[in-house]
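Remember, it's 1-based here, ligands and their atoms both numbered in the order they're listed. Remember, predicted model here, so these are calculated numbers, not experimental data.
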Amino acid sequence: MTIVAAPGLEHRLKREISGDVWFDRFTRGRYATDASHYQMMPLGVVAPRSVAEAERAIALARTDGVTVLPRGGGTSQSGQTVNHSLVIDCSKYLNRILDLDVTGRRCVVEPGIVLDDLNRQLKPHGLWFPVDISTASRATIGGMAGNNSCGARSLRYGVTRDNVLSIDAVLADGSAAHFGPVGAGLRDLPGGSPLRPLAEDLLAIGVRESDEIAARFPKVQRRVGGYNLDALAPNAPLHNLAHILVGSEGTLGFSTRIELKLWPLLGRRAVGACHFGRFYDAMDAAQHIVKLKPIAVELIDRTMIELARNIDMFRPTIDAFVRGAPDAVLLVEFAEDEWDENLHRIKQLDALMGDLGYAWDKSGVKQGGIVEVLDPKLQAAITEVRTAGLNIMMSMKEEGKPISFVEDCAVPLEHLAEYTERLTQVFEKNGTRGTWYAHASVGCLHVRPVLNLRLDKDKQAMRRIAEEAFAFVREYKGSHSGEHGDGLARSEFHEAMFGTRLVRAFEEVKDRFDPGHLLNPGKIVRAPKFDDRANFRFGPGYQGKPMTVALDWSAYPGVGGGFQGAVEMCNNNGACRALAGGVMCPSFRVTRDEKHVTRGRANTLRLAVTGQLGPDAFASDEMAETMKLCVSCKACRRECPTGVDMARMKIEVQAARAAKHGLSLHDRLVGYLPRYAPVAARLPWLFNLRDSLPGAAALSERIAGFSARRSLPRWRSDWFRDPANPPLKGEGRTAEGSPGWGDSDAANAETLPPPPGPLTRSDLPPPGGGEDRRDVVLFADTFNRYFEPENLHAAVKVLNAGGYRVQVATPSDGSRRPLCCGRTFIAVGRVDEARREAERTIAAIEPLAASGLPVVGLEPSCIFSFRDEIPAMIRDKRATRIADQAILFEEFLAREADAGRLTLPLAPLRGRVLLHGHCHQKAFGAMGAVEAALRLIPDIEVETIESSCCGMAGSFGYHAETIDASLAMGELSLLPAVRKAPADAILVADGTSCRHQIKDGTGREVVHVARVLARSLMAM
Ligand SMILES: Cc1cc2nc3c(=O)[nH]c(=O)nc-3n(C[C@H](O)[C@H](O)[C@H](O)COP(=O)(O)OP(=O)(O)OC[C@H]3O[C@@H](n4cnc5c(N)ncnc54)[C@H](O)[C@@H]3O)c2cc1C
Ligand code: SF4
Ligand code: SF4
């Protein structure tokens, strides 16, 4: 299929539509993939602001002979959401609840509303839409209806089709129609309804094909392949015309309003985690387990358990519910109204496992039984691991990836064990393997054989596997698509699965709705071969172009020392499009724009690296735009289950641009801050003029891009001196300005013991430890040193009070300029200068680190640079050693307290502590340490604010071009939570920029954890 040229369409759309219209290569590239292995470049993309605009876009496309592809979250796994069409993205603006009838338990929504978002709004009414698919955080109701999506609890709630009451749709000819219940023989459809002729034809097809439907449609609950002709058959339980649109993958109509059936919220649940020593036995047991009437039975197998164990955020969950080393675990969930009944069922489950021969004290394959999971928090954590199943598998870094094409076949439960065993053998025969997981309750297990689709041999293996798998499914009278739909992956096989006659009937339905093949052509009917490489993401000629990189990517394959492999880790599943929970991805949360999400960025990089966006795309302005709102929060590094680390990738783009275009004045002022800071600190009155002299802020915005709406951090004359760097003649030592909360800290700094001299090798304890090992090295970062020295003083005071000898790290090159980690240079892409700074610091600290001393610091972004970027810039043992020993102040205290080595004389403090975590603290799992450090204070109450990035993110919030996004990020949850905090609450944030954002946005004082602890010491 070629892309139809439509000169003038872009112009007409832009003229007639107020929503977004994009025809540029970069945006089209971002919409060329869904979560399958396919890629088809669209002609253009429209994000309409209203249903009327969507209708207009469809009409203009029709006039120009351009096909149309409706799109929600783009998380489909079978290639139904890619096409050479005009994409209509419903997710950005068409995402409201239009009508809610709480008593009647129904609602009407626009198609782009995300399932979790809908359920968040329904929750206060005690209701939910219970088709709880794994992608609930980003899948839209339009997409769920398009695919007839199915949740883990379909045993109780059915699938999407069972819960859609009606659909308003725009049809290919431009007419709009309401599809809903029509009664037998269309008795409820008014005679004059424009829908009547279409409805009559559809029912006639149903009548004519009723025998064939009865004979050929699989009887399993999970059948989403083909059109729902069974809804048209005379014996259908309910004649609802909306059901022919459900599962039609955007090929019959464009849904504009969807009416949903709602259910009361689930009550408390009881989960039994059934452990099996042999996978086959787990599969065989499913048919017996469902007789206990659970609402879900979900499988996770040994491979998944092991992979999840290797992912930081999932390890504690696995450890909490997996006992020993089972081959498979079935998570059996009960949710009856009466809690006692749930407990009773868990007992029955336990007895059943006993009857099946399992006991914990047995050895071998019969060792097993159930682990009860009654704690809702652990249940939620398990759900998170389970729903991340696919992503967990995708975290493998090699070129071969788990591919979906036989991943959702469904077979009757009595055949499940045999089916999985036979398919596993087929995988082995073809030199591959697959990991099994998901919905054992309905015989719909997910499995994705690992294949490298760049290789012809693996492409051929894919066909052999598909043909054998579908033959088994036919033999068991199952369904070849039990959840994810047809798209490009399965439509080719309809003939084999449903027979020729029904496939002709499918075509008739399509032609009756859409004779001109306007809507998502080539899906469900008249599809290309499923292994046509022209439609693959790794299509013909797919190859990385040689590139130079600044950082180490050697863990991955491909060009750029592995950079290509790193960007290819994104499988498009869209977890980064979540609108709440976690941190990833703040720029998407405030823009809802595919350009500003981790996935969009990763796709743009992949296309650029492989030459699909033209020459020089990597350092282009469009690429810079794509990266512009990435705040380098590193949330994706932790929360993207395949580990896409966009913050690190952004450094490469910045470095390429800096090499090509040099630095802007803004970036120069940001990057070189540590170099000119000593001068600025000597002349603070001059450098602070920008915020006091009328007009200076506006001028700085015009010439250097620093937003006039922001004050800049204030230079202080009482900056933190290294012990080896006493003040020069004429330099002030007194506090300048008001340090705010804990003013007395500054005064107190004067009463601190004189700083110790620099540590030399002869001061060091002998390797191997001993009671003297209570020295720590303090790394005084540029920000705390010059802008908030009281934090460093407070840290020294606390450490001293804990019995530690604090040695401030000082330069070893004889210069007076303080040490720096290179963070500001990293931020602007001057990796060479960052490396110089880091080298200098390593040279100074290494002798101390080599003797085992911890390197303690206060600023999360600096300390985590030692652990993250610096080892990627400097590949030697010294950098690795410092990475191992660099530790945040609060991590150090928590670790020491945990080991029983810390006693601090702390007194209770009045007031509750409200804590905001710096993104890097969250990304590196350090939040527990801040909480633990605060809890060293007797009776203290600590509440952590559920927040994403504060939005300041280093220099991001100061730039005139990004200040709006910065403020919007702050307003997502952090600033409103702070405004609500009681006046006497102690606000704590360890990031310099977080403190600035909170102060700017709320006027409230915020302090570093070190100052809270120091205050508690002072109170003794
Ligand atoms: C990791 C992972 C886990 C998954 N887990 C599940 C699961 O548990 N259960 C499940 O069923 N699926 C699952 N899926 C598949 C997918 O997430 C679901 O099918 C989801 O409902 C798709 O929603 P979407 O908004 O992303 O739709 P999209 O992919 O954007 O669209 C899906 C289809 O609907 C059509 N469409 C979209 N909007 C409209 C509209 N307004 N009018 C007409 N047609 C429209 C599109 O053209 C397309 O054909 C999973 C996918 C991944 C990557
Ligand atoms: S970046 Fe990560 S979370 Fe986002 S779509 Fe890609 S793989 Fe999924
Ligand atoms: S670093 Fe943060 S802002 Fe950037 S892509 Fe990752 S999650 Fe989004």
Side-chain angles (χ1 to χ4, degrees), residues 34-36 54 68-78 80-81 83 87-91 94 110-112 114-115 131-136 138-152 154 159-160 167 169-170 224 245 247-256 258 387-391 394 404 408 438-439 446 482-487 519-520 523 569-578 583-588 596-603 627 629-637 639-650 919 923 948-949 953:
D34 55 12
S36 67
V68 168
L69 171 66
R71 175 165 163 135
T75 66
S76 291
Q77 289 200 32
S78 314
Q80 57 268 61
T81 321
N83 220 326
V87 173
I88 304 197
D89 180 349
C90 305
S91 67
L94 305 183
E110 289 184 321
V114 166
L115 174 59
V131 185
D132 52 343
I133 62 177
S134 304
T135 41
R138 63 274 193 195
T140 61
I141 295 295
M144 289 178 67
N147 286 349
N148 192 9
S149 297
C150 317
S154 63
V159 300
T160 300
I167 295 179
V170 175
V224 303
L245 292 182
S248 67
E249 303 185 352
T251 62
L252 300 183
F254 180 93
S255 308
T256 54
I258 305 174
T387 54
L390 168 63
N391 295 324
M394 296 299 271
S404 55
D408 69 338
H439 321 300
H446 295 332
E483 182 165 293
H484 297 148
D486 301 332
L519 297 167
N520 200 11
K523 313 290 155 56
M569 287 302 289
C570 174
N571 64 16
N572 267 37
N573 71 74
C576 44
R577 287 176 57 103
V583 179
M584 170 176 75
C585 168
S587 53
F588 179 72
H596 299 302
V597 70
T598 323
R599 178 176 79 175
R601 294 182 180 117
N603 276 321
M627 293 293 158
L629 299 192
C630 170
V631 287
S632 300
C633 65
K634 302 191 186 187
C636 44
R637 180 188 188 280
E639 292 173 26
C640 161
T642 72
V644 171
D645 186 348
M646 191 51 61
R648 197 184 274 196
M649 291 170 186
K650 182 177 176 178
C919 294
S948 179
C949 176

Does only the side chain of Cys576 get under 4.0 Å from ligand 2, or the backbone, or both, or neither? Count heavy atoms. both
Indicate, as side chain, backbone, both or neither, the part of Val597 found under 4.0 angstrom from ligand 2 when only non-hydrogen atoms are considered. neither
Treating Arg138 as the side-chain partner and Asn573 as the backbone partner, does any N or O pair qualify as donor plus acceptor under 3.5 Å? yes
Taking only heavy atoms of Gly574 into account, list the atoms of ligand 2 that are under 4.0 Å away from them. 5 (S), 8 (Fe)
Have a look at ligand 2 and work out which part of Asn573, if any, has a heavy atom under 4.0 Å from it: side chain, backbone, both or neither. both
Report, in ascending order of atom number, the atoms of ligand 1 lying under 4.0 Å from any heavy atom of Ser76. 28 (P), 29 (O), 31 (O), 32 (C)
Are Glu483 and His439 close enough that a side-chain donor and a side-chain acceptor fall under 3.5 Å? yes
Would one find an N, O or S atom of Cys633, in either backbone or side chain, under 2.8 Å from atom 4 (Fe) of ligand 3? no
Closer than 4.0 Å to some heavy atom of Cys90 - which atoms of ligand 1 meet that? 41 (N)
Quick check: does Gln77 get an N/O under 3.5 Å from an N/O on ligand 1? no
Heavy-atom pair of closest approach, residues Thr160 and Val131: OG1-CG1, 3.6 Å
Just checking: Cys636, one of its N/O/S atoms, less than 2.8 Å away from atom 6 (Fe) of ligand 3, yes or no? yes
Examine the proximity of ligand 1 to Ser149 and report which part, side chain or backbone, both or neither, has a heavy atom under 4.0 Å away. both
Check ligand 2 against Thr642 and write out every atom of the ligand that is under 4.0 Å from a heavy-atom position of the residue. 7 (S)
Nearest-option assignment for atom 49 (O) of ligand 1, heavy atoms, candidates Glu249, Glu483, Arg138: Glu249
Nearest option to atom 48 (C) of ligand 1, as decided by whichever heavy atom of Ile167, Thr75, Thr251, Thr81 sits closest: Thr81
First locate atom CG of Leu519, then atom CG of Leu252, and finally report the distance between them rounded to the nearest 0.5 Å. 8.0 Å
Atom OG in Ser632, atom NZ in Lys650: separation rounded to 0.5 Å? 4.5 Å
How long is the span from the CG atom in Asn148 to the CG atom in Leu245, to the nearest 0.5 Å? 11.5 Å
To the nearest 0.5 angstrom, please state how far the CZ atom of Arg71 sits from the OG1 atom of Thr81. 7.0 Å
The atoms of ligand 3 lying under 4.0 Å from a heavy atom of Met646, numbered in the order shown, are 5 (S), 6 (Fe)
Scanning both residues in full, the closest heavy-atom pair of Cys630 with Arg601 reads N-NH2, 3.2 Å
Could you identify the single nearest non-hydrogen protein atom to atom 3 (S) of ligand 3 and state the distance to 0.1 Å? Val631 N, 3.4 Å
Side chains of Ser76 and Asn147: do they bring a donor and an acceptor to under 3.5 Å? yes
Return the option from Ser134, Ala438, Ser404 holding the heavy atom at the smallest distance from atom 5 (N) of ligand 1. Ser134
Closest heavy-atom pair, Ala575 versus Pro641, reported as atoms and distance to 0.1 Å, is CB-CD, 4.4 Å
Per-atom filter on ligand 2: closer than 4.0 angstrom to a heavy atom of Thr598 are 1 (S)
Restricting to heavy atoms, the pick from Pro70, Ala139, Gly72, Gly485 nearest atom 47 (O) of ligand 1 would be Pro70
For ligand 1 and His439, I'd like to know whether there is a polar contact (N/O to N/O, distance under 3.5 Å). no
Please compare Gly482, Cys150, Pro111 and report which has the shortest non-hydrogen distance to atom 9 (N) of ligand 1. Cys150
Which atom of Ser948 lies closest to which atom of Pro586, heavy atoms considered: OG-CB, 3.6 Å
Below 4.0 Å from any atom of ligand 1, is there a heavy atom belonging to Ala152? no
Ligand 1 atoms nearer than 4.0 angstrom to some heavy atom of His484 are 6 (C), 12 (N), 13 (C), 14 (N), 15 (C)
Nearest non-hydrogen partners of Val224 and Gly485, listed with the distance: CG2-N, 3.6 Å
Sub-4.0 Å atoms of ligand 3 with respect to non-hydrogen atoms of Arg601: 4 (Fe), 5 (S), 8 (Fe)
Rounded to the nearest 0.5 Å, what separation is found between the NZ atom of Lys523 and the CG atom of Asn520? 4.0 Å
Among Ala953, Ala923, Cys630, Ala647, closest by heavy atom to atom 4 (Fe) of ligand 3 is Cys630
Asn573 neighbourhood, listing ligand 1 atoms whose heavy-atom distance to it stays under 4.0 Å: 53 (C)
Donor-acceptor contact present, side-chain Glu639 to main-chain Cys576, <3.5 Å: no
Gly487, Gly146, Gly253: member with heavy atom nearest to atom 43 (C) of ligand 1: Gly253
Is the closest heavy-atom distance from Leu69 to ligand 1 below 4.0 Å? yes
Of all the heavy-atom pairs spanning Pro111 and Thr256, show the shortest one and how long it is. CD-O, 3.1 Å
Residue Arg71 vicinity, atoms of ligand 1 by number, heavy atom under 4.0 Å: 30 (O)
Which distance, rounded to the nearest 0.5 Å, do you find between the OG1 of Thr140 and the CD of Glu110? 12.0 Å
Provide the number and element of each atom of ligand 3 under 4.0 Å from a heavy atom of Cys585. 3 (S), 5 (S), 7 (S), 8 (Fe)
Contact region, Lys523 to ligand 1, non-hydrogen atoms below 4.0 Å, reads neither
Does Gly74, backbone or side chain, put an N or O under 3.5 Å from an N or O of ligand 1? yes
Show, in sequence, the C-alpha distance, side-chain angles and deciding distance for Asn572 and Asn603, and conclude whether the side chain to side chain donor-acceptor pair (under 3.5 Å) test is met. CA-CA 8 Å; Asn572 267 37; Asn603 276 321; 2.9 Å; yes
